[in-house]
Amino acid sequence: MKTSWRSASLVASAVGVLALTTACGQESGTSASSQNVGATAQAGSIAGVGSGIGGVGAGVGASASAGATDAAGAGAQGATAGELAISTNGELGNILTDSKGMTLYRFDADTAEPPKSNCDGDCATTWPPVSADDVSAGDGIDKSLLGEVTRSDGTKQLTVDGWPAYYYAKDANPGDTTGQGVGNKWFALAPDGKKAKAESASAGLSVRNDAKLGKIVVDKNGMTVYRFLKDKAWPKPVSNCNDACRDKWPIVDPVDFADTKGIQEKGYMNFTRSDGDNQQTINCFPIYTFSGDKSPGDINGQGVGGTWYAVAPNGDLVGAPKQ
């Protein structure tokens with residue numbers, strides 16, 4: 001059944017201001033708007049949903065075969081989503097799926113206000129756009145958040161709270177979330193259009209006594225936390241690790257101080273990066289993990305390039321040469 005469209009405007013804004021007693025940092029939020037999709041379509045059957053998170057590192061332009069994924073609904077550009085559904089993922093919580101249970105994603109390089117897709121060519125082969133045709137909102141989904149954007153090739157792409165929606169060509173089965181975190185720019189869509197994130201990515205910092213480095217900060221999973229010598233803390237935090245650097249050194253998302261143990265409270269804050277994401281600091285210095293650390297306790301990032309070093313509980317560099 002062909003969906004009828006009615007045009008309406010949706011404006012949602014979020015503004016956050018962090019007041020500090022120290023001299024570093026303040027932050028602001030963003031807003032989004034999208035053209036509404038207001039029609040119902042015949043619902044497809046929802047397949048069972050599993051769990052799992054794909055690792056960071058696959059490139060946007062990576063090649064992918066279309067065979068198996070075509071049958072699942074994610075192998076061809078402009079695939080039709082049908083009735084959208086909310087599925088519960090063991091790692092990510094509630095995520096948005098199509099009528100077949102295939103995960104929908106959003107891209108950090110896109111914009112929501114105004115809605116615009118910046119994924120074309122090889123990117124759109126790996127990340128097929130979700131067609132805006134024959135889409136409807138299932139149970140628990142706010143249909144006013146569903147809209148469309150015209151792509152560079154003239155086709156209509158589904159948007160969720162302004163964010164263009166995609167499949168991932170390497171998701172072969174309903175419930176797959178192998179596109180989560182790819183390049184640190186692709187994320188499963190939450191039902192409200194925000195990024196779906198694993199709890200472990202946003203909670204927990206503590207101190208580990210390393211045999212070589214002494215007391216260093218680790219995240220909830222025991223992965224070593226690092227600082228970048230080219231970053232700044234004063235008069236406000238500034239990260240100079242972007243794009244390919246950020247892919248290699250994932251930022252530590254904001255962590256409530258109540259979820260830390262042994263970390264200095266002075267200068268413990270988060271700030272808004274130049275790319276719009278929020279990042280945690282210790283003593284006002286931005287902190288990261290290292291993609292080359294594969295297991296808890298790894299310190300493969302220590303001393304890389306003479307600019308990356310583990311972090312002490314008070315935010316100092318561990319093992320760095322004196323400046």
Side-chain angles (χ1 to χ4, degrees), residues 3 37 41 43-56 58-87 89 92 94-110 112 115-138 141 145-149 151-153 155-183 185-191 193-196:
T3 302
V37 175
S45 58
I46 308 293
V49 176
S51 63
I53 301 178
V56 175
V60 168
S63 62
S65 61
T69 53
D70 278 339
Q77 183 169 341
T80 299
E83 184 180 62
L84 302 184
I86 298 175
S87 297
N89 179 278
L92 300 176
N94 288 337
I95 60 175
L96 202 59
T97 66
D98 71 1
S99 61
K100 298 183 177 70
M102 302 304 296
T103 303
L104 272 55
Y105 296 89
R106 52 173 277 181
F107 184 30
D108 276 1
D110 288 347
K116 185 179 188 302
S117 169
N118 289 304
C119 178
D120 295 297
D122 289 343
C123 174
T125 300
T126 303
W127 302 91
V130 179
S131 172
D133 291 336
D134 299 317
V135 174
S136 63
I141 299 173
L145 296 180
L146 306 184
E148 64 179 32
V149 63
R151 295 176 51 79
S152 59
D153 61 4
T155 60
K156 304 290 186 180
Q157 182 175 359
L158 173 69
T159 62
V160 182
D161 197 24
W163 289 98
Y166 304 84
Y167 294 108
Y168 185 41
K170 292 185 179 181
D171 281 353
N173 302 300
D176 284 353
T177 55
T178 58
Q180 175 70 10
V182 168
K185 293 181 179 179
W186 291 91
F187 298 90
L189 270 165
K194 293 182 171 54
K195 303 176 189 177

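To the nearest 0.5 Å, atoms OG1 (Thr125) and CG (Asp120) are separated by 10.0 Å. Here OG of Ser136 is found 4.5 Å from CD of Glu83. Values are rounded to the nearest 0.5 Å. Here the OG atom belonging to Ser131 is positioned 12.0 Å from the CG atom belonging to Asp98, to the nearest 0.5 angstrom. Atoms NZ and OH, on Lys100 and Tyr167 in that order, are 7.0 Å from each other to the nearest 0.5 Å. The line from OG1 of Thr103 to CG of Leu189 is 10.0 Å long, rounded to the nearest 0.5 Å.
Here the shortest heavy-atom pairing between Asp171 and Gly179 reads OD1-N, 3.9 Å. Between Pro191 and Leu145 the shortest heavy-atom distance is O-CD1, 4.0 Å. Of all heavy-atom pairs between Ala124 and Pro129, the closest is O-CD, 3.9 Å. Of all heavy-atom pairs spanning Cys119 and Asp110, the tightest one is N-OD1, 4.1 Å. Considering all non-hydrogen atoms of both residues, Pro115 and Gly162 come closest at CB-O, 3.3 Å. Scanning both residues, Gln157 and Ala165, for their nearest heavy atoms gives NE2-O, 2.8 Å.
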### Message
side chain to side chain contact (heavy atoms under 4.5 Å, CB included), that's the test. Do Ile86 and Ile95 meet it? Break it down for me.
### Response
CA-CA 6 Å; Ile86 298 175; Ile95 60 175; over 6 Å; no
### Query
Run the side chain to side chain contact (heavy atoms under 4.5 Å, CB included) check on Asp133 and Leu158 step by step: do they pass?
CA-CA 8 Å; Asp133 291 336; Leu158 173 69; over 6 Å; no
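Judged by distance alone, the side chain of Gln180 and the main-chain N or O of Ala196 form a donor-acceptor pair under 3.5 Å. Here the side chain of Asp176 pairs no donor or acceptor atom with the backbone of Thr178 at under 3.5 angstrom. Looking at Thr97, its side chain never comes within 3.5 Å of a backbone N or O of Met102 through a donor-acceptor pair. Side-chain atoms of Arg106 never come within 3.5 Å of backbone atoms of Pro164 as a donor-acceptor pair (strictly under, hydrogens ignored). Between the side chain of Glu148 and the backbone N or O of Ala132 there is no donor-acceptor pair closer than 3.5 Å.
Judged by distance alone, the side chains of Asp153 and Thr155 do bring a donor and an acceptor atom under 3.5 Å apart.
With sequence neighbours left out, Lys195 forms a salt bridge (Lys or Arg N to Asp or Glu O under 4.0 Å) with Asp108, Asp277. With sequence neighbours excluded, the residues that form a side-chain hydrogen bond (donor to acceptor under 3.5 Å, both in side chains) with Asn94 are Thr88. Remark: Ser117 pairs with Arg151, Tyr166 by the side-chain hydrogen bond (donor to acceptor under 3.5 Å, both in side chains) rule, at least two apart or across chains.
In this structure, Leu84 and Leu104 have side chains that are in contact, with non-hydrogen atoms separated by less than 4.5 Å.
Ring orientation note: the planes of Trp127 and Tyr105 are nearly perpendicular, at an angle over 60° on the 30°/60° scale.
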